[in-house]
**Student:** 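Sending over a structure as structure tokens; questions will come in a sec.
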Amino acid sequence: MTIQECYQELGGNYLEVSARLPSPRLIEKFIAKFLEDASFSALCSAMESGNRAEAFRAAHTLKGVCANMSFSRLMKSAAQLTELLRPEADGIPAEAEALMEDVRRDYRATVASIRSYLNVA
């Protein structure tokens, strides 16, 4: 699999990221670092505990990382969850669980594509 095929599979935009990061080696370095990013894990924990402020922060961070790496599909689902969690409120809105499922699905697909490209388990 090429890095362009990886981006196609994960629903990203390789042309966009290659304009930001000028070499395939640099892009590869940063997509490998994405596997170490803790924002998705923090989002899951915050959602499970019902901590809206922490869930918002983690979703916003995940959205930003995805925007920087042009992981378009995951960025879109993270952005939708971020906006739902943005308003100050007590607890997490009921609609957030359906959006969280979209984020989970897109995150898993992104990670699977990256691992396949990097040949890591």
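Starting from 1, each residue takes its place in the sequence as its number. Please read these numbers as outputs of a predicted model, since none were measured by experiment.
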**Student:** Are the side chains of Y107 and L43 in touch, meaning some heavy atoms are under 4.5 Å apart?
**Tutor:** no
**Student:** Below 4.5 Å, heavy atoms only, C-beta onward: do V103 and L99 meet side chain to side chain?
**Tutor:** no
**Student:** Would you give the length of the straight line joining atom CD of E5 to atom CD1 of I3, rounded to the nearest 0.5 angstrom?
**Tutor:** 11.0 Å
**Student:** Answer with yes or no whether the hydrophobic clustering places L21 together with L118; edges join I, L, V, M, F, W, Y residues whose side-chain heavy atoms lie under 4.5 Å apart.
**Tutor:** yes
**Student:** R25 versus K29: any side-chain heavy-atom pair under 4.5 Å?
**Tutor:**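 SC-SC contact between R25 and K29 ruled out.
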**Student:** Using 0.5 Å steps for rounding, measure from the OG1 atom of T110 to the CE atom of M75.
**Tutor:** 11.5 Å
**Student:** What's the spacing between M47 CE and L81 CG if we round to 0.5 Å?
**Tutor:** 5.5 Å
**Student:** Under 3.5 Å, is there a donor-acceptor pair between the side chain of R52 and the main chain of D90?
**Tutor:**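 Judged by distance alone, no pair lies under 3.5 Å.
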**Student:** Mark yes or no for whether T61, through its side chain, and R57, through its backbone, hold a donor-acceptor pair below 3.5 Å.
**Tutor:** yes
**Student:** Heavy-atom distance under 4.5 Å between the side chains of L62 and T82, does that happen here?
**Tutor:**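 A side-chain contact under 4.5 Å is absent here.
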**Student:** Strictly by modelled atom types, are Y117 and E28 linked by a side-chain donor-acceptor pair under 3.5 Å?
**Tutor:** yes
**Student:** Judged by modelled atom types alone, do S72 and N13 share a side-chain donor-acceptor pair under 3.5 Å?
**Tutor:** no
**Student:** Restricting to non-hydrogen atoms, name the atom on I92 and the atom on A46 that form the minimum distance, rounded to 0.1 Å.
**Tutor:**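 Scanning both residues, the minimum pair turns out to be CD1-O, 3.9 Å.
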**Student:** Supply the atom-to-atom distance I114 CD1 to F30 CZ, rounded to the nearest 0.5 angstrom.
**Tutor:**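 With rounding to 0.5 Å, CD1 (I114) is 13.5 Å from CZ (F30).
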**Student:** So among V17, L15, T2, which one has a side-chain contact (heavy atoms from CB on, under 4.5 Å) with Y7?
**Tutor:** V17
**Student:** Under a 4.5 Å cut-off applied to non-hydrogen side-chain atoms, are V65 and F71 in contact?
**Tutor:**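 Not touching, per the 4.5 Å side-chain cut-off.
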**Student:** Identify the two heavy atoms, one from L85 and one from P93, that lie closest to each other, and give their separation to 0.1 Å.
**Tutor:**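 Closest approach of L85 to P93, heavy atoms only: CD2-CD, 3.9 Å.
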**Student:** Carefully, step by step, assess R86 and F56 under the rule side-chain contact (heavy atoms from CB on, under 4.5 Å).
**Tutor:** CA-CA 6 Å; R86 184 179 296 280; F56 168 76; 3.6 Å; yes
**Student:** Do S39 and D37 have side-chain atoms, one donor and one acceptor, less than 3.5 Å apart?
**Tutor:** yes
**Student:** For a quick test of reading the model, state the closest non-hydrogen atom pair linking M1 to S113 and the distance between them.
**Tutor:**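 Looking at all heavy atoms of both residues, the closest pair is SD-O, 4.1 Å.
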**Student:** Looking at side-chain heavy atoms only, is the closest gap between Q4 and S18 below 4.5 Å?
**Tutor:** no
**Student:** Is any side-chain heavy atom of L26 closer than 4.5 Å to one of S23?
**Tutor:** yes
**Student:** Any donor-acceptor pair under 3.5 Å linking the side chain of R73 with the backbone of G12?
**Tutor:**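 Between the backbone of G12 and the side chain of R73 there is no qualifying donor-acceptor contact (under 3.5 Å).
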**Student:** Are the side chains of F34 and M69 in contact, using a 4.5 Å heavy-atom criterion?
**Tutor:**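 No - every pair of side-chain heavy atoms lies 4.5 Å or more apart.
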**Student:** Answer with yes or no whether the side chains of S70 and R20 bring together a donor and an acceptor at under 3.5 Å.
**Tutor:**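 Checked: R20/S70 side chains pair up, N/O donor to acceptor below 3.5 Å.
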**Student:** How long is the gap from CD on E97 to CG on L84, to the nearest 0.5 Å?
**Tutor:** 11.5 Å
**Student:** Ignoring hydrogens and angles, tell me if any N or O in the side chain of S77 forms a donor-acceptor pair with the backbone of L74 under 3.5 Å.
**Tutor:** yes
**Student:** Atom NZ of K76 and atom SG of C66: how far apart are they, to the nearest 0.5 Å?
**Tutor:** 14.0 Å
**Student:** Counting only heavy atoms from other residues, nucleotides and ligands, does the tally under 6.0 Å from CD of E101 exceed 12?
**Tutor:**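 Yes, CD of E101 has more than 12 neighbouring heavy atoms, counting only those of other groups under 6.0 Å.
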